[in-house]
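What you are looking at is a predicted structure, and each value in this text was computed from that prediction instead of being measured. Ligands are counted one by one from 1 in listed order, and the atoms in each one are counted from 1 as well.
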Amino acid sequence: MIRKAVFPAAGFGTRFLPATKASPKEMLPLVDKPLIQYGVEEARAAGVRNMIIVTGRGKNAIEDHFDVAYELEDLLQKKGDGAQLATVRAITDMADFFYVRQNMPLGLGHAVLRTMDLVGEEPFAVVLSDDVIDSKVPVLRQMIDVYERYSADSVLAIQRVPREHVSRYGIIKGKRIAEGVYEVLDMVEKPKPARAPSDLAIIGRYILSPAIFPALVKTRPGAGGEIQLTDAIRSLAGRERVLAYEFEGVRYDAGNKLGFLMANIAFALKDPELGPDLRVFLAKEKKR
Ligand code: UTP
């Protein structure tokens, strides 16, 4: 049903400067894989085949990463390193990749609007790869299940956040219709804690109806002077069935330095090769 996933990756990543001056934030490694690869793998595991990546200046490394690396493959073949060769090839074979440029990062909504012709008239997923989610069932799969079970037009991933953090997120006002499932009545982008309609924050996974595109065309710049995806979804909520779903899984906000470090430590601790030594190291550091 959901065949296409959009990966907005054209932002400047200013919270990671100077690391992101000439390299894309989406290519920062989480242990040994770039952030965006986790998102693509999640979409693939949810049954999505076509990955549409919104890029911009300085983002060529993303295209190179998902393309064939002929010289590298040749070298690994000559060395007889079958395991690494398979790892490298799997990245390219995983899916079909399509690219569109956002000439200026005018906001997440604007980035999604750039994919209008590539997506066409069908529902699609949006994945923000700096929200890394560790879950048994891929979050996008969980959301597609909700989309189908409740005949939704759009589904937003949500998570409860501490009240003092609501101003970092889009916050929904919802009516609970089942365990962890809400009908979205309204939503606000980055509200002050006192004005937030709930503590249910939108996280970087969406299933959207194609009606989002005409809504985005009409959306004027909102919070931070950017064209906000939240504002366009809000305009759909009265007309279509927009649901929000509290997914199962642990989410790391790898879009800021602390969250990125936490994700790296958590993933490395789970790695059978790195975990045991890292644990010893962390215990030693704690005593210092
Ligand atoms: P962020 O809000 O994290 O912005 O965007 P950013 O530019 O990446 O990072 P900071 O805030 O300056 O540190 C969330 C996602 O949306 C994409 C980003 O690339 C990121 O994956 N995005 C954002 C776009 O593609 N275009 C935009 O105009 C804005």
If you compare A111, G56, G107, P24 by their heavy atoms, the one closest to atom 29 (C) of ligand 1 turns out to be G107

Check: of N256, D131, D130, min heavy-atom distance to atom 14 (C) of ligand 1 comes from D130

Tell me the protein heavy atom at minimum distance from [atom], and give that distance in Å.
{"atom": "atom 13 (O) of ligand 1", "value": "R15 N, 2.8 Å"}
{"atom": "atom 23 (C) of ligand 1", "value": "G11 CA, 4.1 Å"}
{"atom": "atom 21 (O) of ligand 1", "value": "P8 O, 2.9 Å"}
{"atom": "atom 25 (O) of ligand 1", "value": "A10 N, 2.8 Å"}
{"atom": "atom 16 (O) of ligand 1", "value": "L108 CD1, 3.7 Å"}
{"atom": "atom 12 (O) of ligand 1", "value": "T14 OG1, 2.6 Å"}
{"atom": "atom 8 (O) of ligand 1", "value": "K25 NZ, 2.7 Å"}

Here the atoms of ligand 1 under 4.0 Å from any heavy atom belonging to L106 are 28 (O)

message: Using a 4.0 Å cut-off to any heavy atom of F12, which atoms of ligand 1 qualify?
response: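 By the 4.0 Å cutoff, the relevant atoms are 7 (O).
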
At their closest point, which heavy atom of [X] faces which heavy atom of [Y], and how far apart are they?
{"X": "A215", "Y": "L236", "result": "CB-CD2, 4.2 Å"}
{"X": "L278", "Y": "I265", "result": "CD2-O, 4.1 Å"}
{"X": "P193", "Y": "R163", "result": "O-NH1, 3.4 Å"}

query: Could a heavy atom of S129 be found less than 4.0 Å from some atom of ligand 1?
result: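 The answer is no, since S129 has no heavy atom less than 4.0 Å from ligand 1.
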
Inset, instruction - List the steps, then state whether side chain to side chain contact (heavy atoms under 4.5 Å, CB included) holds for Q84 with K79. - result: CA-CA 10 Å; Q84 291 284 38; K79 274 173 59 182; over 6 Å; no

Do [X] and [Y] have ring centres separated by under 6.0 Å?
{"X": "Y147", "Y": "Y245", "value": "no"}
{"X": "Y99", "Y": "F7", "value": "no"}
{"X": "F66", "Y": "F98", "value": "no"}

Does K4 use its side chain to pair, donor to acceptor, with the backbone of L118 at less than 3.5 Å?
yes

- Query: Between R241 and Y150, is there a donor-acceptor pair closer than 3.5 Å when you use the side chain of the first and the backbone of the second?
  - Reply: yes

Could you see which bit of [X] sits under 4.0 Å from ligand 1, with heavy atoms only: side chain, backbone, both or neither?
{"X": "H110", "answer": "neither"}
{"X": "E226", "answer": "neither"}
{"X": "V54", "answer": "neither"}

Can you name the one residue among R251, R141, R205 that meets salt bridge (charged side-chain N to carboxylate O under 4.0 Å, His left out) with E42?
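Checked R251, R141, R205 against E42; only one passes salt bridge (charged side-chain N to carboxylate O under 4.0 Å, His left out): R205.
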
Does an N or O anywhere in [X] fall below 3.5 Å from an N or O of ligand 1?
{"X": "M104", "answer": "no"}
{"X": "Q102", "answer": "yes"}
{"X": "K59", "answer": "no"}
{"X": "L128", "answer": "no"}
{"X": "G13", "answer": "yes"}
{"X": "G255", "answer": "no"}
{"X": "F16", "answer": "no"}

Describe, in one word, how the ring planes of F213 and F124 are oriented to each other, choosing from parallel (under 30°), tilted (30 to 60°) and perpendicular (over 60°). parallel

_Less than 6.0 angstrom from the centroid, inside 45 degrees of the normal: does K175 satisfy that with respect to the ring of Y182?_
no

Looking at CG of L208 and CD of E122, how far apart are the two atoms once the value is rounded to the nearest 0.5 Å?
->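 Output value for this atom pair is 12.5 Å.
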
